Amino acid sequence: MKVICLSNFKGGAGKTTLAGHLAVQAGLSGYGEVVLIDTDPQASLTDWWNLRKADTPRYKKVELTELTKDLADLKEAGIKLVVIDTPPAVSETIRAVVEVADLVIIPCRPSPHDFRAVSSTVELVDGLKKPFIFVMNGAAVRAKITADTAYALAQYGKVAPVTVFQRTDFAQAMIDGRTAQELDSQSRSANEMAELWAYVRKQLRT
């Protein structure tokens with residue numbers, strides 16, 4: 001069983017949207033049974049999951065003090081992937097989740113403010129010696145700042161070769177418990193998610 005967590009101390013980076021979309025895409029790709037865990041007190045991922053009509057991915061409510069035990073139980077039950085959403089602030093919650101993760105995904109929007117804010121997240125993840133990747137998220141099409149931010153992030157670590165662009169179908173899908181690829185499997189957003197998951201899956205093998 002592999003554990004992915006989405007983390008960025010700055011709010012508004014798109015962690016929840018990416019968590020839901022990657023979990024669904026993993027299932028669609030045939031990776032195996034996927035479970036979502038929401039450790040953010042705002043519970044946006046939980047709210048989204050409660051609106052879903054599809055049976056997958058599954059959802060597991062956990063207490064932070066029981067996280068290690070709950071993950072062991074999920075592994076024993078045959079779960080292949082756990083995707084964990086985290087709060088948008090420096091907290092012991094994030095540290096505890098990162099400690100059990102096989103891969104940390106750090107979403108970052110292409111702006112100087114977001115880039116400057118990401119360093120504290122990297123410091124925590126690096127300190128725990130966990131592998132991580134950056135994902136450029138919510139980018140404007142053909143905006144030079146996207147490439148500039150990706151180049152700057154590359155000085156700190158791996159940047160996913162797939163950029164997730166700002167499109168209304170991401171927000172539209174999250175309103176009623178779906179994902180962009182479930183709205184239209186042939187859309188550009190769906191292709192981005194398929195390519196991003198393929199890259200994430202490769203990182204989980206290393």
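Just so you know, these numbers come straight off a predicted model, no measurement behind them.
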Exercise for the section: Answer with yes or no whether the side chains of S111 and D114 bring together a donor and an acceptor at under 3.5 Å. Expected result: yes
Handout entry: Minimum side-chain heavy-atom gap Q203-K158 below 4.5 Å
Key = yes
Fill in the blank from the handout: F9 meets the ring pair (Phe, Tyr, Trp, His ring centres under 6.0 Å) criterion, sequence neighbours left out, with none
Exercise for the section: Decide yes or no for P88 and D40: does some side-chain heavy atom of the first lie under 4.5 Å from some side-chain heavy atom of the second? Expected result: yes
Fill in the blank from the handout: Cluster membership besides L51, Ile/Leu/Val/Met/Phe/Trp/Tyr side chains within less than 4.5 angstrom, sorted by chain and number, is none
Problem - Any side-chain donor near an acceptor of the partner, T65 and E63, under 3.5 Å - result: no
Handout entry: With R95 via salt bridge (charged side-chain N to carboxylate O under 4.0 Å, His left out) - residues at least two apart
Key = none
Handout entry: Side-chain hydrophobic cluster, 4.5 Å single linkage: members besides M1
Key = V3, V35, I37, V62, L64, L67, L71, L74, I79, V82, I84, V97, V100
Handout entry: For D176, all residues meeting salt bridge (charged side-chain N to carboxylate O under 4.0 Å, His left out), sequence neighbours excluded
Key = R178
Practice task
Hydrophobic side-chain clustering at under 4.5 Å (ILVMFWY, transitive links): who's grouped with F165? Put none if nobody.
Solution key: V141
Handout entry: Residue among R58, K75, K2 satisfying salt bridge (charged side-chain N to carboxylate O under 4.0 Å, His left out) with E33
Key = R58
Problem - Side chains of W48 and T16, donor plus acceptor under 3.5 Å - result: no
